[in-house]
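Note sheet for the following structure.
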Amino acid sequence: MTATETIHKKIEQLRDNLNRHNYLYYVEARTEISDYDFDKMMEELIKLEKEHPEFADPNSPSQKVGGEITKEFKSVKHKYAMLSLGNTYNEEELYDFDKRIRKVITDELVEYVCELKYDGVAIGLSYKNGKLVQAVTRGDGLQGDDVTANIKTVKSIPLVLHDNNYPDEFEIRGEVVMPFTEFEKLNKERIEIGEEPFANPRNTTAGTLKMQDSAVVAQRALDCYLYALYGDNLNYASHADGLKNAKQWGFKISSNTKVCSSIEEVIEFIAYWDKQRETLNVATDGIVIKVNSIDQQKKLGFTSKSPRWAIAYKYKAEQAATKLISISYQVGRTGAITPVANLEPVQLAGTTVKRASLHNADQIAKLDIREGDVVFVEKGGEIIPKVTGVDLSKRSENSHATHYIEKCPECNTILVRLEGEALHYCPNEDGCPPQIKGKLEHFTSRKAMNIDSFGSETIELLYNQHLIKNIADIYELKKEQILPLERMAEKSANNLIEGIIKSKEVPFERVLFAIGIRHVGETVAKKLARYFRSIDALSKATLEDLVMVDEIGDKIAKSILEYFSLSKHVELIERLKLYGLQFEMGEQAIATGNKLAGLSFVVSGTFKQFSRDEIKNIIEQNGGKNVSSVSSKTNYLLTGDEAGSSKLKKAEELKINIINEEQFLTLINI
Ligand code: IVH
């Protein structure tokens, strides 16, 4: 075998292994290796693919981490129209469905397959010779959008099929969903950056599939359940067999599926899942009932809109009636006011509900919600229950129409409501306590400046003692000021000061996230930092400049322009610069050229200013070469924290230059 053949073989082995472990983890929910080992394998594959573009493969598991940008989603005509299903809401309608079927299928037994009706976004996946070639959304049923790059990042969707008994060409359809846990995590992050939380996992999934940057999609942990096969040579007699085959090819097929031999059995299945579905981590809104036999399906055929052989049973959104004790108003970090219903506790979909969302002033007015009313609360696809109506028959005669607050409940400032926005805001961003504390909490949080010992209690203490009132004040804090505070001791005060000093090393992209520009979340901050490289360049950018960056639209761009138009922000940043915070990307990252030509590097450990991948990129951009193990041909071992000890030992033995991050940066700066 030649050297290149060996590498090709290695790449294929890594791909096979990664495909297998992906499948085990995301489809079968089991593991055979640690996350760390999986990441290592992925890293190695990505590196080899970079070094050997001749072995590139659009279906390599490395596609799962994303990176491809789709500027415009191509419209694609469906080979088989994407129909919808008729709906039923009660037993009687199910019996009617059964009767209609039996009118056509008179002399045979009819079996039904019951499946959960996943509440997500329908997708059609086309495979050719066992490889995913295209993924298209439903659109209007006749043509949809090509979202292949984004779909490739969905971990449970196989890019390459298992076995080899699949048809050469076929399409499989299913539902892309966002698990509740992922949805909650995402919303938590959004609230943290002052964005309105997403309404429900379905809309969030739809929005995610239409994002330009597939690397962002990859981070959102979407999942996909498949439920229908389409093709010219599909070789099975029943729908259930088709699903069984698809499962063997590597697709995620729900195990909560049942073949029933009567409509009564179907009704039992429906009743069972009405409660049981609350235990699932994905949203479902009903049950789909399909005639099992393919011959019978063919006999039954289609109406213009839907198959006659299938129907959906939709669950009623669970509702409960309870008394609205009072309405309170919360002020968020960005000053957004959210009205909250305080309720007499009531059981709903398996949990006790005491509070519910009232959305905004319009919603309260529209539903004429009043304190003392008996209201209906619902938990639909949403996590947080919402008030959906009032039982007017139970309204007391002396109830008063709700007068939405005009002043901030925390600082008494007159609230404002921006054109086109649903929420009221307290504009007193520098004087309203929850806004100030919220900004401080955000600034010091783990993903921002990561000042460990700065919890919300410490912030409360420091704020109440007038020691800090904005983020720059943090860098003026002295140990003597902190020590006398409640629950502070020598050690905790030292930790706090050390944490503050250490935060000065936090790279620019995180500082940019930390300063809390509205709509600038973690990912956007990263994109901006990498594009503009410094706060000075960013502050001078025009609207046109800003929208050039992926994922940055008008809303974010305007918010950035507004931020820098205020002198108090400019002054704040000047102060932070003086304290030594990072307001530009490491100069070195820009450097490209041939300074490292002919030199080979082994990179080991974690670094301060860059991730390991970034360092490797810098090496390549400057003409150097990355190798994975130390040998006599290696020129440098570049070590960060926790560098591999065997590598260090070997480098010492072979008298290879061992350098750290700083020395490396000097090296490319010469
Ligand atoms: S079968 C010919 N099975 O519900 C239609 N659909 O209301 C074939 N859905 O567009 C669809 N779970 O997006 C089918 N187990 C399931 C489903 C399911 C969810 C969605 C799908 C479809 C819509 C119809």
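Values below: every heavy atom of this structure, side chains too, minus hydrogens, waters and symmetry copies. Remember, it's 1-based here, ligands and their atoms both numbered in the order they're listed.
Under 4.0 Å from ligand 1, not a single heavy atom of Arg173 appears. Under 4.0 Å from ligand 1, heavy atoms of Leu85 appear from its side chain as well as its backbone. By the criterion of a heavy-atom distance under 4.0 Å, the side chain of Glu115, and not its backbone, is placed next to ligand 1. Neither the backbone nor the side chain of Asp119 comes within 4.0 Å of ligand 1, counting heavy atoms alone.
Protein heavy atom at the shortest distance from atom 10 (O) of ligand 1 is Leu83 O, 4.0 Å. The nearest protein atom to atom 20 (C) of ligand 1, hydrogens excluded, is given as Glu175 OE1, 3.5 Å; this is a heavy-atom distance. Among all protein heavy atoms, the one lying closest to atom 3 (N) of ligand 1 is Lys290 NZ, 3.0 Å. Given atom 12 (N) of ligand 1, the protein heavy atom at minimum distance is Tyr118 N, 3.1 Å.
A donor-acceptor pair is defined here as one N or O able to donate and one able to accept, closer than 3.5 Å; no such pair exists between the side chain of Thr88 and the backbone of Asn90.
Side-chain contact of Tyr225 with Ser156: a donor-acceptor pair under 3.5 Å is absent, judged by distance alone. Checking Gln63 against Thr153 by side-chain atom types alone, no donor-acceptor pair falls below 3.5 Å. Judged by distance alone, the side chains of Thr351 and Lys379 do bring a donor and an acceptor atom under 3.5 Å apart.
Here is the list of ligand 1 atoms found below 4.0 Å of a heavy atom in Pro307: 2 (C). Here is the list of ligand 1 atoms found below 4.0 Å of a heavy atom in Lys117: 4 (O), 7 (O), 12 (N), 19 (C), 23 (C). In the vicinity of Ala122, heavy-atom distances shorter than 4.0 Å reach the ligand 1 atoms 13 (O).
Using a 4.5 Å heavy-atom threshold, the side chains of Thr257 and Cys114 count as separate. For the pair Leu222/Thr205, a side-chain contact is recorded, criterion being any heavy-atom separation below 4.5 Å from C-beta on.
Considering Trp309, Tyr230, Tyr227 only, the shortest heavy-atom separation from atom 18 (C) of ligand 1 involves Tyr227.
Residue contacts with ligand 1 do not include Met82, since none of its heavy atoms lies under 4.0 Å from the ligand. Using a non-hydrogen distance threshold of 4.0 Å, Leu116 registers as a contact of ligand 1.
By the 6.0 Å contact criterion, CG on Asn235 is open, its count of non-hydrogen atoms from other residues, nucleotides or ligands being 12 or less.
Of the residues Tyr23, Tyr227, Tyr127, the one that meets the ring-ring contact (aromatic ring centres under 6.0 Å, His included) test with Phe251 is Tyr127.
The aromatic ring centroids of Phe170 and Trp249 lie less than 6.0 Å from each other.
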